[in-house]
Amino acid sequence: MSTVKIEIEDGEFREYETGITAGDVIRDIHGRKSGVVATLIDGIEKDMSTVLESNCKIEPIDGESDAGLYILRHSCAHLLAQAVTQLYPDAKPTIGPPIEHGFYYDFFMQPVGDEELKKIEEQMKEIMKKNLPIVREEHTNDSLRKMFGGNKFKTEIMDDKIGYEVGSTAYRQGEFVDLCRGPHVESTSQIRWFKLTSSSQAYWRADSKRESLTRIYGMCYATKEGLRNREKQIQEAAKRDHKKIGREMELYMIDEMIGKGLPVWLPNGEILKSSIEAFAIKTEEEYGYQRVTTPVLGKKQLFEASGHLPHYAEGMYPPMEMDDGIYYLKAMNCPMHHLIYRNKKRSYRDLPLRIAEYGTVYRNEMSGTLAGLLRVRMLSMNDAHIYCTLEQVAQEFANNIKMVQDYYSAFGFEDYYFRLSLWDSENTEKYIDQPENWEATQNHLRKILDDLGVSYIESIGEAAFYGPKVDIQFTTTIGREESMSTIQLDFAAKERFGLKYTDETGIENGEVFVIHRAPLSTHERFVAFLTEHWSGNFPTWLSPIQVQIITISEKHKKYAKMVSEKLLKSGIRVKIDDSDNTIGKKIRLHRKMRPAYMAIIGDEESENMTISVRARNGLQRNGIPLDEFVQEIEKEIHNRKTTLDIVPEE
RNA sequence: GCCUCAGUAGCUCAGCCCGGUAGAGCAUCUGAUUUGUAAUCAGACGGUCGGGGGUUCGACUCCCUCCUGGGGCUCCA
């Protein structure tokens with residue numbers, strides 16, 4: 001009998017009979033209940049059932065590893081499809097990939113509601129219990145076409161992905177079979193820790209002109225703990241939701257009489273917004289920016305010149321017909337800033353010219369996408385445009401990337417990454433049609449990022465219509481990815497607006513590049529992130545209520561008033577609660593507003609001119625002399641500390 | 001804009017399946033209480049049950065439609 005030599009660890013070999021499966025080998029080495037879901041054979045992911053015909057190296061893929069979870073979730077998607085087709089025989093499965101935390105599967109079928117989702121989940125559990133083997137089958141193209149001919153979506157996938165001669169594989173579990181490359185787990189009973197989470201509609205191939213499909217989302221883990229932890233994580237995320245905290249802390253409101261996507265900043269939210277602005281104004285003065293204000297609307301000709309109307313019309317509000325022409329609300333400030341640049345003759349000595357504006361722009365986002373402060377129709381922005389030569393672009397980008405990094409550290413943000421957003425040469429109608437310029441500027445940005453040593457990913461089709469950009473990406477607490485900051489290179493404005501300068505030799509030069517940048521996102525989105533990041537427990541310098549005074553009894557009203565006046569005089573945001581509630585109740589009520597500190601005032605404090613300071617974590621420092629407290633909190637605010645330092649955390 | 005789920009007092013939620021005309025806790029207000037660290041007691045106020053239409057003797061409840069919100073698609077800061 002022939003044997004194969006299997007490398008089971010670096011340099012360690014064992015011999016088995018030819019024809020043994022990878023699964024048998026792994027069970028031989030790691031035992032039956034190893035949690036291994038598939039295997040790497042010579043570095044390639046394979047099923048456990050793979051028969052070993054020749055010498056090779058075998059490694060286990062653990063169900064809890066990234067690769068293992070991916071396989072498990074993929075198999076879970078098949079389990080879902082099996083359950084759905086059993087319950088709804090007319091449903092046509094399309095695609096069902098694993099995703100972070102789970103999987104989804106798109107079906108051509110009637111939409112399903114929560115109750116149906118429950119039934120489907122129960123059905124999945126039934127199939128799981130049956131312990132059906134999941135079997136890989138190799139098929140010729142003809143046989144695949146026969147098997148899936150009744151499903152035009154599968155046919156379309158085959159047309160696109162499978163060369164006509166080669167054929168491919170399918171995976172079968174019981175009566176259910178799906179076109180799939182694999183690998184998969186060995187049997188349905190291995191998929192235990194899953195839960196269907198939601199259903200929604202999605203278009204086939206994300207194309208709104210194509211069929212609408214029913215998408216079912218689920219989560220899936222290798223262990224009970226994995227699933228539980230994820231459920232807990234989702235609950236925790238819900239507690240941080242800026243919409244919930246925004247309501248509790250009275251940061252903003254949205255009223256349907258005003259309109260959706262049009263948030264109103266309430267006093268507490270306005271404090272956050274204006275604190276951010278004040279910080280940015282100061283920072284950007286140091287970087288040489290000059291502030292301007294431009295109108296919120298402008299004539300059609302302006303937006304035609306800028307390219308907004310051909311390339312960005314669907315993002316703008318419909319036109320307003322006035323007696324002297326057609327006007328649009330501005331979706332961006334750049335066209336107006338270009339006119340400021342052009343307002344006088346510019347010299348090379350003026351460059352780089354940095355024009356900044358605090359203001360609002362208006363974008364006609366589709367109603368279904370609006371969400372709290374994260375996606376709105378009126379955007380408050382710390383916007384600016386830098387006019388410079390090509391040689392100066394690198395330095396300006398470097399400054400802005402540093403500025404973004406400094407801002408983020410001031411606000412305590414650590415978890416973000418850079419993305420180089422490129423045009424899509426396959427889909428050019430979205431962009432200004434100058435392929436050479438796209439290639440040149442993209443390469444230029446790539447080199448700038450490489451020289452700065454910043455790590456980044458590249459993403460095709462994410463550029464602005466006028467040029468490539470560097471975006472800084474975040475993930476929200478509920479796991480959705482959003483752009484925060486953006487730095488964009490515009491090679492088109494110079495021609496469209498005739499931007500020129502007189503160079504050192506007195507010659508007029510038209511090579512003016514424009515950098516569009518918004519390092520603090522929009523105030524709406526920024527405050528949403530800030531709120532979720534801090535769970536509303538903002539650093540003292542941002543906290544809408546920096547000190548909440550709480551009196552023990554009526555006797556202490558007078559001293560409380562004195563303390564409050566002293567703090568107010570030092571520019572500290574302070575409020576008094578001298579109601580006749582018990583102190584425990586007052587603490588409980590004010591927790592919701594998340595003041596940086598609560599100052600407790602009773603007999604001892606009144607007599608000694610002190611206060612007792614309670615931090616948000618419940619720790620307390622008693623008998624701090626009032627003057628000392630004022631000095632300390634002033635310092636904390638001035639230095640924009642991201643930690644509360646007055647009460648030591650022990 | 002499309003699909004889906006939801007909408008009951010300022011907030012959190014019960015009642016709806018099986019139609020008989022609305023409830024709780026917190027907040028607010030008024031008393032009493034003067035309090036030392038996550039709910040002092042009592043009372044009052046507060047809702048054309050998201051809007052409109054339909055079915056019915058009768059609709060918070062069933063049906064249709066619109067609006068708003070959550071999730072997803074698309075888009076994007």
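Order of the sequence lines sets the chain letters (A, B, ...), proteins ahead of strands, with each chain counted from 1.
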Side chain of [X]: nearest nucleotide among [options]?
X        : options             : answer
A:Arg525 : B:G70, B:A77, B:U34 : B:A77
A:Lys243 : B:G70, B:U35, B:G69 : B:G70
A:Ser521 : B:G71, B:U35, B:A77 : B:A77
A:Ser367 : B:G1, B:A77, B:G71  : B:G1
A:Leu379 : B:A77, B:G36, B:G1  : B:A77
A:Lys469 : B:G36, B:A77, B:U34 : B:A77
A:Thr369 : B:G71, B:C73, B:U37 : B:C73
A:Ile600 : B:G72, B:G36, B:U34 : B:G36
A:Arg247 : B:G72, B:G36, B:U12 : B:U12

Identify whether any heavy atom of [X] sits under 4.0 Å from a base atom; if not, whether one sits that close to sugar-phosphate; answer base, sugar-phosphate or nothing.
X        : answer
A:Val376 : base
A:Asp603 : base
A:Glu604 : base
A:Glu605 : base
A:Gly372 : sugar-phosphate
A:Ile550 : nothing
A:Thr197 : nothing
A:Glu462 : nothing

Item to check | Of A:Arg363 and A:Asn622, the one whose closest RNA chain B nucleotide lies more 5' | outcome: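 It is A:Asn622 whose nearest nucleotide is closer to the 5' end.
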Item to check | Nearest-nucleotide comparison on RNA chain B, the residue closer to the 5′ end among A:Ser612 and A:Leu589 | outcome: A:Leu589
[Y] ring center within less than 6.0 Å of [X] ring center:
X        : Y        : result
A:Phe526 : A:Phe413 : yes
A:Tyr105 : A:Phe107 : yes
A:Tyr358 : A:His523 : yes
A:Tyr416 : A:Phe529 : no
A:Phe411 : A:Trp534 : no
A:His308 : A:Tyr328 : no
A:Phe279 : A:Tyr407 : yes

Checklist entry - OH of A:Tyr203 versus C1' of B:U4: gap in Å, rounded? => result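 Answer to the nearest Å: 12 Å.
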Next on the checklist: Whole angstroms only, please: what is the CD-C1' distance between A:Glu554 and B:G31?
Outcome noted: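 A:Glu554 atom CD is separated from B:G31 atom C1' by 14 Å.
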Next on the checklist: Counting only side-chain nitrogens and oxygens, does A:Arg205 get under 4.0 Å of the OP1 or OP2 atom of B:C73?
Outcome noted: no
Item to check | Distance below 4.0 Å between A:Lys260 side-chain N/O and B:U68 OP1 or OP2 | outcome: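 So the side-chain polar atoms of A:Lys260 do come within 4.0 Å of the phosphate oxygens OP1 or OP2 of B:U68, strictly under.
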Checklist entry - Looking at A:Tyr317, does the NZ or CZ of A:Arg363 lie under 6.0 angstrom from its six-membered ring centre and within 45 degrees of the ring axis? => result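 Not flagged: A:Arg363 not positioned over aromatic ring of A:Tyr317.
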Checklist entry - With under 30° as parallel and over 60° as perpendicular, where do the rings of A:Tyr597 and A:Phe629 fit, or are they tilted in between? => result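 Perpendicular, since the angle between the ring planes exceeds 60°.
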Checklist entry - With under 30° as parallel and over 60° as perpendicular, where do the rings of A:Phe465 and A:His311 fit, or are they tilted in between? => result parallel
Would you list the protein and nucleotides 38-44 of chain B atom pairs, both N or O, that sit under 3.5 Å from each other?
from  : atom 1 : to       : atom 2 : distance (Å)
B:A38 : N6     : A:Arg591 : NH1    : 2.9
B:A38 : N1     : A:Arg591 : NE     : 3.0
B:A38 : N1     : A:Arg591 : NH1    : 2.1
B:A38 : N1     : A:Arg591 : NH2    : 2.6
B:A38 : N3     : A:Arg591 : NE     : 3.2
B:A38 : N3     : A:Arg591 : NH2    : 3.4
B:A39 : N7     : A:Arg588 : NE     : 3.3
B:A39 : N7     : A:Arg588 : NH2    : 3.3
B:A39 : N6     : A:Arg588 : NH2    : 2.6
B:U40 : OP1    : A:Thr582 : OG1    : 3.4
B:U40 : OP2    : A:Thr582 : OG1    : 3.1

Item to check | side chain to side chain contact (heavy atoms under 4.5 Å, CB included) against A:Glu236, all qualifying residues, sequence neighbours excluded | outcome: A:Lys239
Give me the distances for all protein-to-nucleotides 5-8 of chain B N/O pairs that come in under 3.5 Å?
none

